[in-house]
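To start, the structure itself, in structure tokens.
Treat the numbers as computed from the prediction; the structure is a model and nothing was measured. Excluded from the calculations below are hydrogen atoms, water molecules and symmetry mates; all remaining heavy atoms, backbone and side chain alike, are included. Remember, it's 1-based here, ligands and their atoms both numbered in the order they're listed. Heads up: numbering here begins at 1 and tracks the sequence.
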Amino acid sequence: MPAAAASPTAKTPAPSRAPGSGLSAVQRALRKLGLVRDIDFALYLPMRYEDETRLQRLADAREGEVVQVEAVVTAVEVVYRPRRQLVVMVDDGTDTCQLRFFNFYPSQQKQLEVGARVRVRGEMRGGFAGRQMMHPTVKAAGTLLPNALTPIYSTIAGLAQPVLRREVQSGLARAALDETLPPGSAPFELWALRRALQFLHYPTPDVSMATLEDRSHPAWQRLKAEELLAQQLSQAEARQVRAAQRSPVLESEGSPGRGDLHRRLLKVLPFGLTGAQQRVEEEITRDLRREVPMHRLLQGDVGSGKTVVAALAAARCIDAGFQCALMAPTEILAAQHFGKLVGWLDPLLAEQGLRVAWLTGSQKKKERDLMSAAAESGEAALVIGTHAVISEKVRFRKLALAIIDEQHRFGVAQRLALRGKAPEGREPHLLMMSATPIPRTLAMSYYADLDVSTLDELPPGRTPIVTKLVAEHRRDEVVERICAQLAQGRQVYWVCPLIEESEAVDLRNATETRDELAAALGAAVSIGLLHSRMPQAEKQAVMQSFVAGALQVLVSTTVIEVGVDVPNASLMVIEHAERFGLSQLHQLRGRVGRGAAASACVLLYAPNEGGRLGESARARLKAMAETGDGFEIARRDLEIRGPGEFLGARQSGAPLLRFADLETDSLLLDWAKELAPRLLMHHPGLARQHVERWLGSKAEYLKA
Ligand code: ADP
Ligand code: MG
């Protein structure tokens, strides 16, 4: 069914006024549905339709069919067995039928007096007492029949269907739906937008329902073409804006007066680069030499070695005499990067009187001030930290490259804040890193203005992680497994379940699990506990002792999710794995198998009371057991969740498609991709109008 998803303006904040104040209850309800502008109403499509356009004869009505008849009331009775109900007999001259109402009002009784002629619509059922309809809708007979199907919209409490229908209808009538497509811009039949929308709200009764349901009807095609074009236009625009921006040119090696940090770093690295790392490094280096800001996504599965690529890019930037910022979403992750990069770079930088600085929110003021000063003076050639790095107070002398790890955790606003940090009139080059690969179809449409580099090769010497699904009642076997690993001097992660929205409950669960494991494993085994509620310093300390090998088992909530690197950890147990998302499971699993030892991941799952797992939980666990390939995981994740959830509005920064589907509408997508730049060039006014209609205030946002 053509379900109407949230409107593109659903998340737009209400202008000036406090949300909801001075609005009627209906307006508030409409706003909740994202219905504000006329165009929002016009684009709010029915989830289904009812056919009230014709009358049938009772004699022709089949069981199970929804029918509309006009008939005369021949008998009315309120009966009390088995419960109070109004029973009405009607006769249309061809047959009779009984109507039953369990909830009824005096007004209804009046409408259904003997002798009254009524129009009745409902599902025909068989029964002991002959044919009947339960709770049919009843109207006065003889009124004009509509000549279109009746739309039924998805609604919420406090907003009655007829009210919503009326609002949508008038919004549709008022909306400016002028054509923005120049004539002849499509090689296929394209309905006018107004005609298409009018039709989708009020289809003619002869329409093939199947073409509305699978959205192949020309009216749907027009709408989807329209939406895809808006998306492509906004991205083409973003590309143009970027092309007009300027970044520092980061020439490094070979040029006179440039540093040789990059070369020296390569020398001190304890390993050689993989082929994929070399290729990606070159792609980045090429970008950095250009005056147009780099806008590149580096995607690579967990453990593919993104950090060193980031370090090499930073070195190039520093060699050119500029500063680099590296941000990670969590303090622990930032600390890991810091630890690694300080080790590699600080000794080399010291020779030039430079250093790596560290900035986080939890830092003592005195230390933070020192670090900020180092960033401002330029002494800090590389600043690593959480989003504290982009706080307003931090100034850089000459920032030229910003690297964002696990980019999907950062919002567009945070990426925007980075821009203000570059020297006057310049933009920093931007390198985003992600372990969640974006499937090709999504990359094509949502990230059209993003260059993508892929690390498709793992460093040598890794043994694949064996993944086992184990039912909760076999927990004991898991404890045995843990013992076996510990006996070999290995370390173990135990990840506790996510309990929704309550850190306190999470903490209690994690603590209980720790105690339980302590009892099972014996006092000789050292077990640490990591939880997001713990003070930063404490978290840090626990993590550090696990890294150092002083702790053998780390019980943790998902704070270890990204990036943490402990090569000696060879087993990960994930409790209540059925509650985790697929990508999240894959990320977690990536914490093991980082060294040469054979590693395993145990997914403990607990079926619900019925002894079964939900369908999507089963699909997730199955995918985990069947593949270790991050791209395949991402593909399945997309399949299970659909693009909306997969990306999350926050991650994409771009509004998601409501109507079009990237797979089934790939021809329309190709058309839109091809048309967008031409439209921008030759009809900029129309292009603006088109984007504005679809994206409203979000259009500005996209230029980030
Ligand atoms: P991710 O892509 O998940 O961020 P990391 O950058 O943390 O991966 O790298 C994972 C591990 O692999 C680290 O211990 C890192 O030092 C190591 N590593 C990276 N590149 C190579 C390489 N070319 N050869 C051997 N080990 C490497
Ligand atoms: Mg990483």
Side-chain angles (χ1 to χ4, degrees), residues 262 265-284 296-315 326-345 382 384-386 403-410 431-438 452-465 490-491 493 543 546-549 558-570 572 583-597 599 601 628-631 633-634:
H262 183 271
L265 173 58
L266 274 179
K267 253 202 199 135
V268 301
L269 281 180
F271 46 75
L273 298 185
T274 63
Q277 281 169 327
Q278 277 171 27
R279 175 172 44 76
V280 163
E281 226 262 292
E282 273 163 31
E283 288 166 359
I284 293 169
R296 185 172 286 278
L297 175 71
L298 168 56
Q299 55 177 18
D301 206 352
V302 280
S304 59
K306 295 185 287 294
T307 316
V308 67
V309 174
L312 288 165
L326 170 61
M327 286 181 300
T330 66
E331 193 140 351
I332 289 183
L333 190 53
Q336 279 233 337
H337 282 316
F338 182 68
K340 197 157 251 172
L341 297 193
V342 158
W344 285 338
L345 291 173
L382 172 60
I384 301 178
T386 56
I403 305 176
I404 302 180
D405 197 12
E406 307 301 340
Q407 62 89 24
H408 58 283
R409 297 263 204 112
F410 280 91
L431 177 65
M432 291 164 273
M433 307 199 287
S434 174
T436 311
I438 302 165
V452 179
S453 290
T454 305
L455 285 177
D456 50 7
E457 179 186 355
L458 291 182
R462 301 274 169 81
T463 34
I465 305 163
R490 301 281 172 210
Q491 288 165 281
Y493 287 106
M543 200 61 223
F546 189 65
V547 173
T558 44
V559 285
I560 56 153
E561 185 183 337
V562 282
V564 183
D565 193 22
V566 181
N568 190 45
S570 58
M572 167 166 291
S583 290
Q584 202 180 15
L585 285 173
H586 181 66
Q587 294 266 320
L588 281 168
R589 177 170 62 182
R591 299 306 111 216
V592 292
R594 309 210 125 214
S599 297
C601 176
D629 175 354
F631 282 88
I633 294 269

Taking it one step at a time, do Leu588 and Tyr493 satisfy side-chain contact (heavy atoms from CB on, under 4.5 Å)? CA-CA 10 Å; Leu588 281 168; Tyr493 287 106; over 6 Å; no
Could an N or O of ligand 1 be found under 3.5 Å from any N or O of Lys306, whether backbone or side chain?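 Yes, there is a polar N/O contact under 3.5 Å.
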State whether the shortest distance between N or O atoms of Leu273 and N or O atoms of ligand 1 falls below 3.5 angstrom.
no
[X] neighbourhood, listing ligand 1 atoms whose heavy-atom distance to it stays under 4.0 Å:
X      : answer
Thr274 : 23 (N)
Ser304 : 2 (O), 8 (O)
Gly272 : 22 (C), 23 (N), 24 (N)
Thr307 : 4 (O), 5 (P), 6 (O), 7 (O)

The side chain to side chain donor-acceptor pair (under 3.5 Å) partners of Arg296 (sequence neighbours excluded) come to Asp287, Ser453
Ligand 1 contact on Met433 by region, counting heavy-atom pairs under 4.0 Å |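 It is neither part, as no heavy atom is under 4.0 Å.
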Starting at [atom1] of [X], measure out to [atom2] of [Y] and round the result to the nearest 0.5 Å.
X      : Y      : atom1 : atom2 : result
Met432 : Gln299 : CE    : CD    : 11.5 Å
Glu283 : Leu431 : CD    : CG    : 11.0 Å
Met327 : Ile403 : CE    : CD1   : 9.5 Å

| said: Less than 4.0 Å is my threshold; does some heavy atom of Gly300 fall inside it relative to ligand 1? | reply: no
Checking Gln278, Gln277, His262 against Leu312 for side-chain contact (heavy atoms from CB on, under 4.5 Å), the one that qualifies is His262
